[in-house]
Protein chains: 2
Amino acid sequence: MTLQKSNSLNPHVSVDCVIFGFDKGQLQVLLIKRGGKDEALALPGDLIRDDENLDEAASRVLYELTGLRNIFLEQLRAFGDPERLEANSDIQWLNSVREEPQARVITIAYYAIVKPGKLHPKPSSFASEVKWMPVLELPMLAFDHSVILSQALHHLAASLKKEPLLAFEMLPRKFTLRQIQKLYEEVLNKNIDKRNFRKKLQTAGMLIPLDEKEVGVSHKPARFYQFDKKKIKTKGWL
Amino acid sequence: MTLQKSNSLNPHVSVDCVIFGFDKGQLQVLLIKRGGKDEALALPGDLIRDDENLDEAASRVLYELTGLRNIFLEQLRAFGDPERLEANSDIQWLNSVREEPQARVITIAYYAIVKPGKLHPKPSSFASEVKWMPVLELPMLAFDHSVILSQALHHLAASLKKEPLLAFEMLPRKFTLRQIQKLYEEVLNKNIDKRNFRKKLQTAGMLIPLDEKEVGVSHKPARFYQFDKKKIKTKGWL
DNA sequence: GCAAAAGTGTTGGACGTACACCCATGC
DNA sequence: GCATGGGTGTACGTCCAACACTTTTGC
């Protein structure tokens with residue numbers, strides 16, 4: 001993958017993308033290994049171009065580094081500490097890829113949620129690897145990306161409380177009621193009563209029960225459901 | 001007022017401050033008239049310096065332009081359309097004050113709420129005038145500041161729903177119950193039942209009734225109250 | 001048969017909303 | 001005395017949280 005012609009890159013502003021998914025009963029985030037000696041884990045992010053706005057930059061950068069496209073990215077906030085790029089390993093890496101490695105860079109963080117099973121990210125540009133990692137078991141990330149991620153996580157929890165539909169964007173097309181509940185429990189970080197939770201799902205009336213059930217599980221198999229996009233009633237939830 | 005030494009200004013990133021207050025029964029915002037031929041109204045904002053973080057930049061810029069200090073500013077979001085500075089009048093003005101007037105500038109918007117009576121803003125730097133203007137009766141602002149203001153207003157309404165204490169930060173030290181209610185009604189843009197509203201204020205128990213009453217009003221004079229900062233119970237409101 | 005998760009209703013308390021009349025003051 | 005906003009209580013419905021047992025499957 002070739003980089004954009006470098007004279008159109010703006011060396012002072014970057015975007016970073018926090019992509020959340022839910023898989024294997026855990027909240028996951030999409031990270032890249034940046035090429036180079038340290039192989040540090042980082043959020044997918046890069047400098048913006050001077051001919052695009054911030055939203056466009058985030059979409060392009062995400063695509064260039066991971067191959068993911070058509071993801072609805074929402075701006076989180078800007079991060080601009082003068083020291084945010086000044087760890088030694090980060091400086092070395094910047095020297096190896098940036099035209100103005102010493103420049104002060106403000107970054108604008110974006111976040112999005114996707115169905116992990118549906119998408120098959122491919123590393124490119126300076127990403128040597130792209131992978132989903134469980135949010136609750138992460139090592140330190142490059143630059144100030146651990147800080148950005150933790151703020152994105154707070155924001156995700158707040159959004160999910162207000163807007164339950166988001167949950168369905170993170171689940172596969174067919175899912176069990178337990179899966180949704182696990183998702184809410186992990187993101188909101190608290191236990192939820194099974195009966196009350198299902199009652200509320202029923203009231204919202206956005207679920208289509210399927211005839212299909214789990215197979216090969218050593219307990220009563222759970223029914224699969226689909227999300228009914230036509231019936232959208234949002235009135236505050238949970 | 002002298003500008004900071006210009007070689008430390010970062011020509012690519014600015015901050016803009018949306019300062020809300022409540023006075024004369026109306027929601028007000030603090031604006032400057034920028035010097036120059038057009039005398040356009042704008043949010044107080046300017047380029048950041050390379051030795052300060054974004055929060056520090058916002059505080060400094062607000063102080064330099066309006067004389068206001070010790071205001072708690074919160075970041076709203078970044079605005080970075082390539083065309084955001086390209087109205088003719090804006091280009092002319094930039095040519096007259098900036099060292100790199102053609103540079104693309106990303107701006108980080110901040111917002112805050114203050115008690116208008118308490119503070120006496122003084123124009124300085126390139127601001128030829130500073131004044132409170134009613135939010136609901138504004139002309140077009142310079143640059144993309146009308147867009148920024150409208151987003152700040154949405155954010156204010158959302159914050160006020162969650163966090164009632166904010167209301168008290170916008171009112172004078174002594175206030176009547178009607179004043180608080182007017183504030184909520186204007187920001188949330190809906191009518192509120194007087195009895196229910198007062199009941200909730202009582203339940204929250206954050207008000208100290210004073211012996212003082214309104215004078216010179218041609219109706220039953222209202223009692224003044226103070227906000228009791230010790231009793232902070234926030235549990236979602238309105 | 002036993003372990004493991006699925007599935008299913010009722011009740012009590014808290015909270016929000018709707019609603020109407022008398023009171024103190026200036027003119 | 002009249003216009004204006006201040007001040008006060010009740011009744012109903014909705015929403016939320018707490019809570020336990022039977023069912024189906026794999027081993």
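First the proteins, then the strands, lettered A, B, ... as listed; each starts at 1.
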Nearest-Å distance, [atom1] ([X]) to [atom2] ([N])?
X      : N      : atom1 : atom2 : result
A:K199 : C:dG9  : NZ    : P     : 11 Å
A:R223 : D:dT23 : CZ    : C1'   : 14 Å
B:Q181 : D:dG5  : CD    : C1'   : 11 Å
A:E212 : D:dT25 : CD    : C1'   : 17 Å
B:L201 : C:dG16 : CG    : C1'   : 15 Å
A:L188 : D:dA17 : CG    : P     : 12 Å
B:K190 : C:dT17 : NZ    : P     : 7 Å
A:F197 : C:dT8  : CZ    : P     : 15 Å

Taking five pairs at each terminus, the helix from C:dG1-D:dC27 to C:dC27-D:dG1 shows an axis bend, to 10°, of 0°
Residues in salt bridge (Lys or Arg N to Asp or Glu O under 4.0 Å) with [X], at least two apart?
X     : value
A:D55 : none
A:D81 : none
B:R77 : none
B:K33 : B:E39, B:E129

In chain order, what residues pass the ring pair (Phe, Tyr, Trp, His ring centres under 6.0 Å) check against B:F175, with sequence neighbours excluded?
B:F168
Listed by chain and number, what are the side chain to side chain contact (heavy atoms under 4.5 Å, CB included) partners of A:L166, not counting sequence neighbours?
A:I113, A:S159, A:L160, A:E163
Under 3.5 Å donor-acceptor pair, B:R195 side-chain atoms to C:dA20 base atoms:
yes
Quick one: does A:D193 reach the base of D:dC19 with a side-chain donor-acceptor pair under 3.5 Å?
yes
Contact letters for nucleotides 21-27 of chain C, in which S counts primed atoms plus P, OP1 and OP2 and B counts the base, heavy atoms under 4.0 Å
--BBBS-
For B:F143, does the six-membered ring have the charged nitrogen or CZ of B:R34 within the cation-pi criterion, i.e. under 6.0 angstrom from the centroid and within 45° of the normal?
yes
May I ask you to check whether A:S14 and A:D46 show a side-chain donor-acceptor distance below 3.5 Å?
no
So A:R198, base contact, sugar-phosphate only, or nothing? Heavy-atom distance under 4.0 Å.
base
Pairs flagged by salt bridge (charged side-chain N to carboxylate O under 4.0 Å, His left out) wherever residues 204-217 of chain B is involved - sequence neighbours left out
B:K174-B:E212
